[in-house]
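Notes for the one structure printed next.
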Amino acid sequence: QVRLFQSGGGSAQAGGSLNLSCTASGFSFTPACVAWFRQAPGEERLEVAEFNKFGSPRYRDFVQGRFSISRDTAANTVHLQMNNLRPEDTAVYYCAAASVTSRECYSGGWFLGTSAYPYWGQGTQVTISS
C-alpha cells in the first residue's frame with residue numbers, strides 16, 4: 001500500500017520561510033513524477049513545483065526563485081523549501097506522486113494536473129500573515 005506522509009508547514013510572517021516534507025512508503029520517489037500542489041479556499045488545486053520523470057524540476061512563475069523542490073533519495077523524501085513567503089501563498093499544500101510507467105508521467109511533460117497523480121499526501125496548511 002502506498003502512503004505519502006507530509007510534515008512541516010504551519011504559520012509564518014510575510015518574508016519568512018517554511019519547509020514541507022513528503023515521505024513515501026510502498027513507493028519509490030526515484031524515479032517518479034512528484035509534485036507539490038496547493039489549494040486555497042475556493043480555488044482549484046494547482047501544481048507549484050515538481051520533478052518530471054527525468055528528475056528535472058520546474059516551478060510555476062509565481063513561486064520561481066522563492067520555492068525549491070529537492071529529493072533525499074536515501075530517505076525517500078521530497079522537500080519543498082519555501083522562502084520569501086507571501087500572504088497569497090496561504091493554502092493547503094499537498095504532495096503527489098505517480099509512477100514513471102503511468103501514461104502522463106511517462107510523457108515527460110510538465111504540470112500534468114491532479115488526474116495524473118494517483119498518490120497523495122494528507123495535506124498541510126500553510127498560513128502566511130502580512
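Keep in mind that what you see is a predicted model, and the values were worked out from it rather than measured. Because only heavy atoms are used, hydrogens play no part in the values below, and waters and symmetry mates are left out as well, while side chains stay in.
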Check: R60 side chain, E47 main-chain N or O, donor-acceptor pair, under 3.5 Å:
yes

May I ask you to decide if C105's main-chain N or O and K53's side chain share a donor-acceptor pair within less than 3.5 Å?
no

Point-to-point distance, once rounded to the nearest 0.5 Å, from [atom1] of [X] to [atom2] of [Y]:
X: L4; Y: F29; atom1: CG; atom2: CZ; result: 5.0 Å
X: S107; Y: L112; atom1: OG; atom2: CG; result: 5.5 Å
X: L20; Y: Q6; atom1: CG; atom2: CD; result: 7.0 Å
X: S56; Y: E50; atom1: OG; atom2: CD; result: 10.5 Å
X: Q13; Y: S130; atom1: CD; atom2: OG; result: 8.5 Å
X: Y94; Y: Q122; atom1: OH; atom2: CD; result: 9.5 Å

Distance flag, aromatic centroids of F37 and Y117, threshold under 6.0 Å
yes

How close do [X] and [Y] get, heavy atom to heavy atom, and via which atoms?
X: P87; Y: T90; result: O-OG1, 2.9 Å
X: C33; Y: N52; result: SG-C, 4.0 Å
X: E104; Y: A116; result: CB-CB, 3.6 Å
X: S11; Y: L18; result: O-CD2, 4.0 Å
X: S102; Y: S99; result: OG-O, 2.8 Å
X: V126; Y: G9; result: CG2-CA, 4.1 Å

With a 4.5 Å cut-off on side-chain heavy-atom distances among I, L, V, M, F, W and Y, is there a chain of contacts connecting [X] to [Y]?
X: V48; Y: Y119; answer: yes
X: F27; Y: V78; answer: yes
X: V63; Y: F111; answer: no

Parallel, tilted or perpendicular for Y93 and F67, by the 30°/60° rule?
tilted

Please check if atom CZ in F62 has more than 12 non-hydrogen atoms from other residues, nucleotides or ligands closer than 6.0 Å.
yes

Go through the steps to decide whether I128 and E88 satisfy the test side-chain contact (heavy atoms from CB on, under 4.5 Å), and finish with yes or no.
CA-CA 8 Å; I128 309 302; E88 54 264 39; over 6 Å; no

Is there a side-chain contact (heavy atoms from CB on, under 4.5 Å) between I69 and Y59? Walk through the geometry before answering.
CA-CA 9 Å; I69 188 172; Y59 305 90; 3.5 Å; yes

Please report the C-alpha distance between D89 and M82 in whole Å, then the side-chain angles of each, then the deciding distance to 0.1 Å, and finally whether the side-chain contact (heavy atoms from CB on, under 4.5 Å) criterion is met.
CA-CA 9 Å; D89 295 319; M82 304 182 291; over 6 Å; no

Option among S7, S21, S70 that satisfies the side chain to side chain donor-acceptor pair (under 3.5 Å) test with H79
S21

Please tell me whether T23 and T77 have a donor and an acceptor in their side chains that are separated by less than 3.5 angstrom.
yes

Passes side-chain contact (heavy atoms from CB on, under 4.5 Å), T114 versus E44? Steps please.
CA-CA 10 Å; T114 56; E44 66 176 318; over 6 Å; no

